[in-house]
Novice: 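A single structure is presented below for examination.
Residue numbering restarts at 1 for every chain, and letters A, B, ... go by the order of the sequence lines.
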There are 2 protein chains.
Amino acid sequence: MERKRSDLIADALEALILEGGFADGERLDEQQLAQRFDVSRTPLREAFQRLALSGLVEQIPRRGVFVRQPGPVEMMEMFEVMAELEAACARLAAARISEEALQNLHATNERCNAAVEARDHDGYYRENERFHAILYQQSGNGFLEQECQRLHKLLHPFRRLQLRLRGRLRQSMAEHEEIVSALEAGDGHRAAEAMRAHVAVQGEKFHHLVASLKHAAE
Amino acid sequence: MERKRSDLIADALEALILEGGFADGERLDEQQLAQRFDVSRTPLREAFQRLALSGLVEQIPRRGVFVRQPGPVEMMEMFEVMAELEAACARLAAARISEEALQNLHATNERCNAAVEARDHDGYYRENERFHAILYQQSGNGFLEQECQRLHKLLHPFRRLQLRLRGRLRQSMAEHEEIVSALEAGDGHRAAEAMRAHVAVQGEKFHHLVASLKHAAE
DNA sequence: GTCAATATTTTTGTATACAAGAAAGCAATT
DNA sequence: AATTGCTTTCTTGTATACAAAAATATTGAC
């Protein structure tokens, strides 16, 4: 599926914003960016629309578009919602998951564990993504899967940052095991609770990380 | 806040699609619609982008945009997700809700009840919306509130259709009372369960409605 | 008559031109 | 000197023009 220029620009801008390439509240200059990407204003504006819809940017009519870096509060809120959605996935998956998918989860967890031992952050991250993706899919609810992927993507930069936290990786793995175990038992409630806690703790850990970084800077 | 032409068109198209003004899979002709709305293709295309992001329309590069009427399956999936999100709202609200908001919910429920007695569908619908809006807000999570509103809007046409079901209104009211009661008691778990059931049953009822309509047509 | 290859038309994607609104700078008045 | 009103400039929103890709029609061969 061939993509168009405006899509590529949207992705590029999204990455730029998420990596912190722009300050919060900064106005995105159409002409400047048009030059930078070597396109006209038209595809840029289409890209802006996409970013506005996903909440990374605010469009004020006749004024321009401004980047909206989610602060710690909004970030926590997003994790809270993510926790609910993933918990729902887990609960539904407990009833619907296939034997094959369970095998897959086990294998993914093993690779994830190996990555932890090897201090392979990229590997850990990849397998962790896979673990969650499988669960979204096994919820059996395509719409839910879609929504989870969307939110997951929004939280991407935070989650990535969080990898720096020592000790968190091992704990996270233990939580994965608990989730799989609940799924194997077909216990929806337990799976949901385990998943909710797993995601919620990420949000909290990140919150602490941000707070400590801020504190260190003062 | 003045809005621009493309926003108005997006709203108009959204309404048209949701009311069933287009067949599923139908291609939206840019030129034709441009004439119809008396604008150029540019704002139309911006409107398309918005619709594509909210899932009402599918954009296939170099082919055009096609309306995507959600079928019964997708509709059920959406209700399932809505149920989860609203349940989360209820659970969070149980801990955070203000006395004033509780009063508000009571008042809204009374007006809702009155509308049921008076067979005032529009009134019922309006107060019902209000009930849910208050709960979203009282979750204390702005992001969750936003997501709920988005989904709520997507489900709008289905919910509307559902009003035709006799007897459902009274039952729905009883469910509202139960939710408020749980909130008053500060029982998050009970509030969440009541809310989940409340929304889920809407999805099921609607599913039956669709099935019966289909059956009648054969 | 059917299939295939090519030409034509249509339609999308992008660039540019134009119009209208907002911001900024300047001048005049108090 | 400060403030208000005007003018100028810059930016956004919309229209149109152009290019590239897809769909359709046409013609030729078998």
Side-chain angles (χ1 to χ4, degrees), chain A residues 1-18 21-70 150 153, chain B residues 1-18 21-70 150 153:
Chain A
M1 177 174 167
E2 216 171 316
R3 313 186 59 216
K4 35 185 182 166
R5 214 102 72 140
S6 63
D7 285 326
L8 299 175
I9 291 169
D11 285 346
L13 277 176
E14 186 175 306
L16 259 171
I17 293 172
L18 293 177
F22 297 99
D24 184 42
E26 187 177 344
R27 178 173 140 269
L28 295 179
D29 191 297
E30 287 186 0
Q31 298 195 47
Q32 201 175 306
L33 287 170
Q35 275 196 315
R36 184 161 161 189
F37 286 107
D38 197 37
V39 292
S40 81
R41 283 173 50 220
T42 312
L44 252 180
R45 287 175 60 81
E46 297 204 346
F48 284 166
Q49 292 259 123
R50 257 186 56 177
L51 297 180
L53 265 291
S54 65
L56 274 99
V57 120
E58 192 176 7
Q59 249 177 332
I60 303 177
R62 299 246 167 237
R63 298 288 301 273
V65 303
F66 302 84
V67 312
R68 252 172 50 85
Q69 292 283 11
R150 197 173 56 85
K153 203 168 149 196
Chain B
M1 176 174 167
E2 217 171 314
R3 314 187 57 216
K4 32 186 186 167
R5 215 104 70 147
S6 63
D7 285 326
L8 299 176
I9 291 169
D11 286 346
L13 276 177
E14 187 177 305
L16 259 171
I17 293 173
L18 292 178
F22 298 98
D24 184 42
E26 187 176 345
R27 177 173 142 269
L28 294 178
D29 190 295
E30 286 187 1
Q31 299 196 53
Q32 200 175 305
L33 287 170
Q35 275 197 314
R36 183 161 162 191
F37 286 107
D38 197 37
V39 290
S40 80
R41 283 172 50 220
T42 312
L44 251 181
R45 287 174 59 82
E46 298 204 345
F48 284 166
Q49 292 260 121
R50 257 186 58 178
L51 298 180
L53 265 291
S54 66
L56 274 98
V57 121
E58 192 176 7
Q59 248 177 331
I60 304 177
R62 301 252 167 229
R63 299 288 300 274
V65 302
F66 302 84
V67 312
R68 250 172 51 85
Q69 292 284 11
R150 196 173 57 84
K153 203 167 148 199

Novice: How many Å lie between CG on A:Leu33 and C1' on D:dT11, as a whole number?
Specialist: 14 Å

Novice: Between C:dA15, D:dT16, C:dA22, which nucleotide gets closest to the side-chain atoms of B:Ser40?
Specialist: D:dT16

Novice: Among D:dT14, D:dG13, C:dT12, find the nucleotide with the atom closest to the side chain of B:Arg27.
Specialist: C:dT12

Novice: Look at the side chain of A:Asp29 and decide which nucleotide, out of C:dT12, C:dA15, D:dT11, has an atom nearest to it.
Specialist: D:dT11

Novice: To the nearest Å, how far apart are A:Gln32 CD and D:dC10 P?
Specialist: 15 Å

Novice: Rounding to a whole Å, what distance do you find between B:Phe48:CZ and C:dT12:P?
Specialist: 8 Å

Novice: D:dT12 P sits how many Å from A:Phe66 CZ, rounded?
Specialist: 8 Å

Novice: Contact class for A:Glu46 (heavy atom, under 4.0 Å): base, sugar-phosphate, or nothing?
Specialist: nothing

Novice: Is there a side-chain contact (heavy atoms from CB on, under 4.5 Å) between A:Phe37 and A:Leu13 once you walk through the steps?
Specialist: CA-CA 10 Å; A:Phe37 286 107; A:Leu13 277 176; 4.1 Å; yes

Novice: What is the distance, to the nearest angstrom, from the CG atom on A:Leu44 to the C1' atom on C:dG13?
Specialist: 14 Å

Novice: Let me know, please, whether B:Thr42 or B:Glu30 comes out on the 5' side of the other along DNA chain C by nearest nucleotide.
Specialist: B:Glu30

Novice: Could you work out which one of D:dT11, C:dG13, D:dA15 sits closest to the side chain of B:Arg45?
Specialist: C:dG13

Novice: The side chain of B:Val39 lies closest to which of these nucleotides: C:dG13, D:dT14, D:dA15?
Specialist: D:dA15

Novice: Taking A:Val65's backbone N and O only, do any of them form a donor-acceptor pair with A:Gln59's side chain (distance below 3.5 Å, no angle check)?
Specialist: no

Novice: Look at the side-chain N and O atoms of B:Gln31 and state whether any lies under 4.0 Å from the OP1 or OP2 oxygen of C:dT11.
Specialist: yes

Novice: Identify which nucleotide among C:dA20, D:dA15, C:dT14 has an atom closest to any side-chain atom of A:Arg62, counting heavy atoms from C-beta outward.
Specialist: C:dA20

Novice: Can you measure B:Gln59 atom CD to D:dA22 atom P for me and round it to whole angstrom units?
Specialist: 16 Å

Novice: Report the residue from B:Arg5, B:Lys4, B:Arg50 that forms a salt bridge (charged side-chain N to carboxylate O under 4.0 Å, His left out) with B:Asp11.
Specialist: B:Arg50

Novice: To the nearest Å, give me how far apart CG (B:Leu28) and C1' (C:dG13) are.
Specialist: 17 Å

Novice: With respect to the side chain of B:Arg41, which nucleotide from C:dA15, D:dA15, C:dG13 is positioned closest?
Specialist: C:dG13

Novice: Would you mind telling me which residue lines up with the more 5' stretch of DNA chain C, A:Arg63 or B:Gly64, judged by nearest nucleotide?
Specialist: B:Gly64

Novice: Is a side-chain N or O of A:Gln49 found less than 3.5 angstrom from the main chain of A:Leu44, in a donor-acceptor match?
Specialist: no

Novice: Send over the distance from A:Ile60 CD1 to D:dT11 P, rounded to a whole Å.
Specialist: 16 Å

Novice: Under the 3.5 angstrom rule, does the side chain of B:Glu26 hit a backbone N or O of B:Ala23 as a donor-acceptor pair?
Specialist: yes

